[in-house]
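Written below as structure tokens is the structure these notes are about.
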There are 2 protein chains.
Amino acid sequence: MPREAILDPRQEILRTAARLFQEQGYDGTSMNDVAAALKLSKGGLYHHFQSKDEILFNLMDHAMNITEERVINKVRGLSGAEERLRTLIRLHIEVVLSESDREITVMLHENHPLPPALRRRINARKKDYVHFVQNLIADAQRARGSQGSVSPRAAAFALMGMINWIYQWYKPEGELRGPDLVRQYTEIFFAGALQ
Amino acid sequence: MPREAILDPRQEILRTAARLFQEQGYDGTSMNDVAAALKLSKGGLYHHFQSKDEILFNLMDHAMNITEERVINKVRGLSGAEERLRTLIRLHIEVVLSESDREITVMLHENHPLPPALRRRINARKKDYVHFVQNLIADAQRARGSQGSVSPRAAAFALMGMINWIYQWYKPEGELRGPDLVRQYTEIFFAGALQ
DNA sequence: ACTGAAACCGACCGACCGGTCGGTTTGGGG
DNA sequence: CCCCAAACCGACCGGTCGGTCGGTTTCAGT
């Protein structure tokens with residue numbers, strides 16, 4: 001028998017909460033809503049998490065784990081500055097568009113004030129990611145010998161904006177589909193930031 | 001005596017609500033908070049607006065008015081496709097960074113569900129703006145005779161993302177100040193989308 | 001001085017929120 | 001078969017929310 005045939009209940013709660021938070025917002029979703037969606041009583045839900053904030057924090061932390069596994073670690077295994085940057089753009093977009101990783105969009109949008117300690121941990125991880133992207137860009141600029149009138153910092157913010165804004169308008173059935181989106185965004189950014 | 005020495009009370013309420021919504025979020029701000037900040041009772045506040053939603057809608061509508069006045073109308077008065085696009089980028093960034101127009105960031109971030117009718121009106125205005133930008137980009141591409149591998153639609157979304165994401169990281173006292181930001185973003189986008 | 005409407009107050013309402021708690025069910029190891 | 005801890009239930013709590021309402025103040029026009 002498979003060791004993990006039954007999901008960790010905490011993870012199942014997080015998955016459900018992520019879905020509801022994405023659909024109705026954090027404040028628009030009550031703990032009752034979460035419990036009901038899991039066919040649980042509110043008391044039963046509080047057996048697994050001791051506060052709504054704890055759920056939100058774990059959601060955001062999990063989102064950062066996903067980003068680390070599916071983007072950063074994959075890119076680290078590559079060589080060639082431009083190839084690494086190109087891959088980062090593709091993978092990051094894929095994560096944002098991924099139906100299954102709703103935690104990402106929750107984290108992108110929700111700015112509900114977490115307890116300061118937790119907030120700091122998330123912000124630090126976000127900042128690390130931006131620095132990683134910034135370094136990638138600097139490497140790619142160096143490799144191409146570009147006349148750096150565009151700072152890696154500004155370029156990194158521009159790239160994060162382009163990609164993280166996608167969820168605001170993207171529709172899977174729309175005219176601008178995934179692979180096409182990746183191609184065009186990559187073209188725009190490469191020509192724009194590595195000139 | 002000046003006819004409008006005293007502000008329209010509704011506008012003063014909107015200004016205060018915008019400030020509080022930006023600082024604490026829409027759900028994190030109660031009608032009591034708004035009333036208290038105005039040195040009003042909640043009952044007094046409800047004399048001017050009949051619901052919290054009505055305040056949010058007027059805030060968002062006002063934000064769209066500002067965009068129309070300060071960006072679209074200014075750009076319409078210009079000639080030369082590239083000059084118009086360049087100016088749009090600068091003005092749009094300036095509006096996002098403007099201390100006094102907090103309604104903008106409220107609208108960019110808050111996705112509290114408005115009554116469908118109101119929601120549609122705001123969304124229609126947003127869509128109009130994207131179309132306006134899209135046409136500007138198409139004109140600029142044509143004027144430059146660029147080999148259009150980048151569609152105006154994708155470029156418009158990329159630009160909106162770059163700019164509308166700024167409020168997520170921008171700090172007035174940071175190293176990347178306003179004019180510098182405008183210059184670099186313009187460079188990135190022109191090289192990226194008009195290649 | 002009087003009046004009427006607009007502005008405003010403050011107590012109040014029902015609903016719902018996040019969270020608690022004492023007790024019951026469940027199921028695997030001895 | 002029993003035990004015990006983990007899982008779970010459901011009633012409950014204090015507090016706050018958006019919104020209401022009847023009454024009072026303010027003040028411009030006459």
Side-chain angles (χ1 to χ4, degrees), chain A residues 1-21 23-60 106 110-119, chain B residues 1-21 23-60 106 110-119:
Chain A
M1 55 173 146
R3 236 182 292 174
E4 297 286 346
I6 283 172
L7 309 160
D8 176 0
R10 279 178 57 107
Q11 283 205 345
E12 196 167 336
I13 292 171
L14 288 177
R15 269 176 41 86
T16 302
R19 199 189 77 234
L20 295 176
F21 289 175
E23 288 168 3
Q24 326 174 13
Y26 178 78
D27 291 304
T29 306
S30 73
M31 290 299 266
N32 249 327
D33 293 341
V34 177
L38 290 157
K39 278 157 192 156
L40 252 170
S41 70
K42 197 161 56 159
L45 176 57
Y46 270 92
H47 176 74
H48 298 283
F49 288 92
Q50 55 173 314
S51 75
K52 198 183 180 185
D53 278 347
E54 193 197 337
I55 291 183
L56 182 58
F57 170 75
N58 277 278
L59 230 42
M60 291 187 164
V106 170
E110 218 61 59
N111 64 340
H112 180 90
L114 283 176
L118 302 184
R119 216 178 69 96
Chain B
M1 54 172 146
R3 235 183 293 174
E4 296 287 345
I6 283 172
L7 309 159
D8 176 359
R10 278 179 57 109
Q11 284 205 345
E12 197 168 334
I13 291 172
L14 288 176
R15 270 174 40 86
T16 302
R19 200 190 75 235
L20 296 176
F21 290 176
E23 289 168 1
Q24 326 173 16
Y26 178 78
D27 291 304
T29 306
S30 73
M31 289 299 265
N32 250 328
D33 293 341
V34 177
L38 290 157
K39 278 158 193 159
L40 251 172
S41 70
K42 196 161 59 160
L45 176 57
Y46 270 90
H47 175 74
H48 297 284
F49 289 91
Q50 54 173 316
S51 75
K52 198 182 179 184
D53 279 347
E54 193 197 336
I55 291 183
L56 182 59
F57 170 74
N58 277 277
L59 230 43
M60 291 187 165
V106 169
E110 217 61 60
N111 65 340
H112 180 89
L114 285 175
L118 301 185
R119 216 177 70 97

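Note that the structure is a prediction, hence the values are computed from the model and not measured. Hydrogens, waters and symmetry mates play no part in the numbers below; they use all other heavy atoms, side chains included.
If you check residues 110-118 of chain A against DNA chain C, you find no residue with a heavy atom closer than 4.0 Å. Contacts with DNA chain C (heavy atom under 4.0 Å) in residues 24-34 of chain A: A:Thr29, A:Ser30, A:Met31, listed by number. A heavy-atom distance below 4.0 Å to DNA chain D is reached by these residues of residues 43-56 of chain A, ordered by number: A:Gly43, A:Gly44, A:His47, A:His48.
The shortest distance between side-chain heavy atoms of B:Asn58 and B:Arg10 falls below 4.5 Å. Residues B:Met60 and B:Leu114 meet the side-chain proximity criterion, which asks for heavy atoms closer than 4.5 Å.
A search for ring-ring contact (aromatic ring centres under 6.0 Å, His included) contacts involving B:Tyr26 returns B:Phe21, B:His112, not counting sequence neighbours. For B:Asp27, there are no side chain to side chain donor-acceptor pair (under 3.5 Å) partners at least two apart in sequence or on another chain. Judged as a side-chain contact (heavy atoms from CB on, under 4.5 Å), and not counting sequence neighbours, the contacts of A:Pro115 are A:Asp53, A:Leu118. Among residues two or more places apart in sequence or in another chain, the side chain to side chain donor-acceptor pair (under 3.5 Å) test is passed with A:Ser51 by none.
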Show me the side-chain donor-acceptor pairs of residues 13-20 of chain A shorter than 3.5 Å, one per line, residues at least two apart or across chains.
from    : atom 1 : to      : atom 2 : distance (Å)
A:Thr16 : OG1    : A:Glu12 : O      : 3.1

With a cut-off of 3.5 Å and sequence neighbours excluded, list every side-chain donor-acceptor pair involving residues 41-50 of chain A.
from    : atom 1 : to      : atom 2 : distance (Å)
A:Ser41 : OG     : A:Gly44 : N      : 3.0

Without placing hydrogens or testing angles, list every side-chain donor-acceptor pair under 3.5 Å for residues 31-39 of chain B, not counting sequence neighbours.
from    : atom 1 : to      : atom 2 : distance (Å)
B:Asp33 : OD1    : B:Ser30 : OG     : 3.4
B:Asp33 : OD2    : B:Ser30 : N      : 3.1
B:Asp33 : OD2    : B:Ser30 : OG     : 3.4

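Relative to the side chain of B:Leu40, the nucleotides C:dC9, D:dG18, D:dC8 differ in distance, and C:dC9 lies closest.
Fit an axis to the five pairs at each end of the helix from C:dA1-D:dT30 to C:dG30-D:dC1 and the two axes sit 0° apart, to the nearest 10 degrees.
The CZ atom of B:Phe57 sits 20 Å away from the P atom of D:dG18 (whole-angstrom rounding).
A donor-acceptor contact under 3.5 Å is formed by the side chain of A:Lys42 with the base of C:dG18.
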What's the verdict on side-chain contact (heavy atoms from CB on, under 4.5 Å) for A:Lys52 and A:Leu56, showing C-alpha distance, side-chain angles and the deciding distance? CA-CA 6 Å; A:Lys52 198 183 180 185; A:Leu56 182 58; over 6 Å; no

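When every heavy atom of B:Thr29 is checked against every heavy atom of B:Gln24, the shortest pair comes out as OG1-CB, 3.6 Å.
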Shorter than 3.5 Å, N or O on both sides, protein versus nucleotides 22-24 of chain D: list them out with atom names.
none

